[in-house]
Amino acid sequence: MKKSIFLLILFCLAFIFLFKGENVFFISLRPGQSWLYQLNKSESLSADFCRELKIENASLKKIQAENKILREHLNFLEEDKFDFVLAKIIGQKSEASFNWFLLNQGKDKKIKKGLAALDQQGILVGKIIKVEDFVSYLMPVFDPRFSLAVDIISSNLVKENQENDSKIIAGILEGEYGSILKIKYVPLDREIKVGDAVITSGLEENIKRGIIIGQVAEINKEPNALFQDIVVQPLLDPGFRIVSVILAE
Amino acid sequence: MKFLKLLGLFFFALILVIGEISFPFLPEGVSLVFIFLLLGLIYNGQKPYYQREKLRFYIIAFAFMGGLFLDIFSLFPPGVFILSLLITVYLIDKIFLPQFNFNSFLSIFIFSLFFNLIYRGLILFFVFLTQLSGFLDFPVVINKFYLLITLQAIFLNSALVCLFFALVFWAKKTKKK
């Protein structure tokens with residue numbers, strides 16, 4: 001009896017993890033998870049005097065807001081000629097110092113590891129770190145393991161509308177403490193100002209150049225250090241629920 | 001009957017895991033599967049020793065199913081959550097329960113606190129192991145913020161165990177009256 005139970009458990013585990021049996025759960029649970037995760041507080045609070053009208057109003061507002069988000073996504077994606085896949089966030093979890101978001105699109109929509117995900121304004125929110133057949137996992141920019149090659153564009157250049165690559169300063173962006181962004185490995189002699197724009201440099205294999213990340217918020221220079229530390233204020237919408245995954249060429 | 005109970009546990013574990021991952025209003029770090037597992041163990045621990053065998057089977061089955069679903073929806077390689085839950089259940093059931101009485105809320109709180117710590121420690125250990133063996137591409141980062149969030153999660157989970165236990169206790173008392 002014990003032997004047969006043990007064999008049954010082994011069979012179940014092999015089916016789920018080796019022969020893609022987990023897809024059954026992903027496919028069947030995706031709509032429910034999506035509905036649950038997209039719930040918002042205003043909806044849950046709208047139960048009183050004219051309940052039905054308020055619910056209808058809230059659901060219309062929700063559709064309107066979602067519509068606006070989708071239109072904004074389409075605007076910047078069409079302007080920049082990005083090939084993209086829209087994905088809804090259906091879950092999130094943090095465990096053992098890792099933070100991840102679960103997206104409802106996977107290998108079936110050509111998503112692969114290392115791709116960038118943007119919010120409705122075209123701001124970087126993270127990158128894909130694991131892909132299954134029907135879902136994928138997104139690491140947010142704030143995660144301490146997140147690192148990306150970036151360029152800092154001097155505000156003077158933008159004002160004068162000049163294109164001069166020599167004045168663009170390269171660095172490595174890293175998430176820190178799960179709450180802030182820092183650019184490291186920028187030599188001390190480079191002049192950076194608060195408010196300078198930070199964009200992706202395009203050096204990473206699957207991430208295109210020019211995706212906006214944020215603005216320089218603080219510059220820390222220590223006299224004996226080789227590099228300066230730059231704190232970046234991200235411009236992403238903190239309550240993002242839908243993301244565009246930019247596909248590689 | 002046993003099969004139906006196991007099927008019920010299967011769906012209950014699935015609902016808890018989906019709630020844990022997809023419910024947006026749940027505070028960060030709350031582990032519903034582990035909370036209900038601890039409640040089951042506490043309930044079993046209050047029974048005389050010779051009556052514990054029957055529920056023990058369902059508790060182990062629940063730990064396995066909960067771990068399985070957490071592993072399916074997790075970033076880590078399979079096995080991290082199943083092993084962490086099963087080892088915690090084993091430690092509680094074989095080593096701790098025979099020598100402990102749950103006679104006050106404080107004892108339940110301390111029990112939950114201690115085993116939450118063990119559970120989180122085991123997850124961290126297995127994640128570290130998978131990273132060392134090359135199954136995970138990213139390093140484990142332990143800094144003061146992570147420790148603070150973990151500590152907060154441990155206290156929150158323990159408080160929720162006490163709250164659920166108090167609710168059950170109160171419901172039983174009302175029923176008796």
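In the text below, chain A, chain B and the rest are named by the order of the sequence lines, each starting its count at 1. For the numbers below, each heavy atom of this structure counts, side chains included, while hydrogens, waters and symmetry mates do not.
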Backbone of B/Val141 reached by a side-chain donor or acceptor of A/Ser97 within 3.5 Å: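 Yes.
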
Any donor-acceptor pair under 3.5 Å from B/Ser22 side chain to A/Ile90 backbone: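 At least one qualifying donor-acceptor pair exists.
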
Gap between atom CD1 of A/Ile180 and atom CZ of B/Phe145 - 0.5 Å precision: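 Reported to 0.5 Å precision, the distance equals 7.5 Å.
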
Heavy-atom closest pair, residues A/Phe98 and B/Leu75: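 In terms of heavy atoms, the two residues are closest at CD2-CD2, 3.8 Å.
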
Minimum heavy-atom distance A/Ala96-B/Phe76, with the two atoms named: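 Closest heavy-atom pair between A/Ala96 and B/Phe76: CB-CZ, 4.2 Å.
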
Residue B/Leu26 versus chain A: region with a heavy atom under 4.5 Å: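 No part of B/Leu26 comes within 4.5 Å of chain A.
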
Contacting moiety of B/Leu68, where chain A heavy atoms sit under 4.5 Å: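 The answer is both parts of B/Leu68.
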
Interface residue of largest heavy-atom contact number with chain A, from B/Leu14, B/Ile18, B/Leu124, under 4.5 Å: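 The candidate making the most pairs under 4.5 Å is B/Ile18.
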
Interface residues of residues 125-140 of chain B facing chain A - non-hydrogen atoms under 4.5 Å apart: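 Those residues of residues 125-140 of chain B which have a heavy atom under 4.5 Å from chain A are B/Val127, B/Leu136, B/Asp137, B/Phe138, B/Pro139, B/Val140.
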
Chain A contact residues among residues 109-123 of chain B, heavy-atom distance under 4.5 Å: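 Heavy-atom contacts from residues 109-123 of chain B to chain A are B/Arg120, B/Ile123.
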
Test log, rule ring pair (Phe, Tyr, Trp, His ring centres under 6.0 Å), inputs B/Phe73 and A/Trp100: CA-CA 10 Å; B/Phe73 290 102; A/Trp100 68 88; over 10 Å; no

Most contacts with chain B, counted as non-hydrogen pairs under 4.5 angstrom, among A/Arg145, A/Lys130, A/Met139: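 Looking at each option in turn, the highest pair count goes to A/Arg145.
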
B/Ser74 and A/Glu95: side chain donor to acceptor below 3.5 Å: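 Side chains of B/Ser74 and A/Glu95: no pair found under 3.5 Å.
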
Exceeds 12 heavy-atom contacts within 6.0 angstrom, atom NZ of A/Lys221: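 Check passes, neighbour count above 12.
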
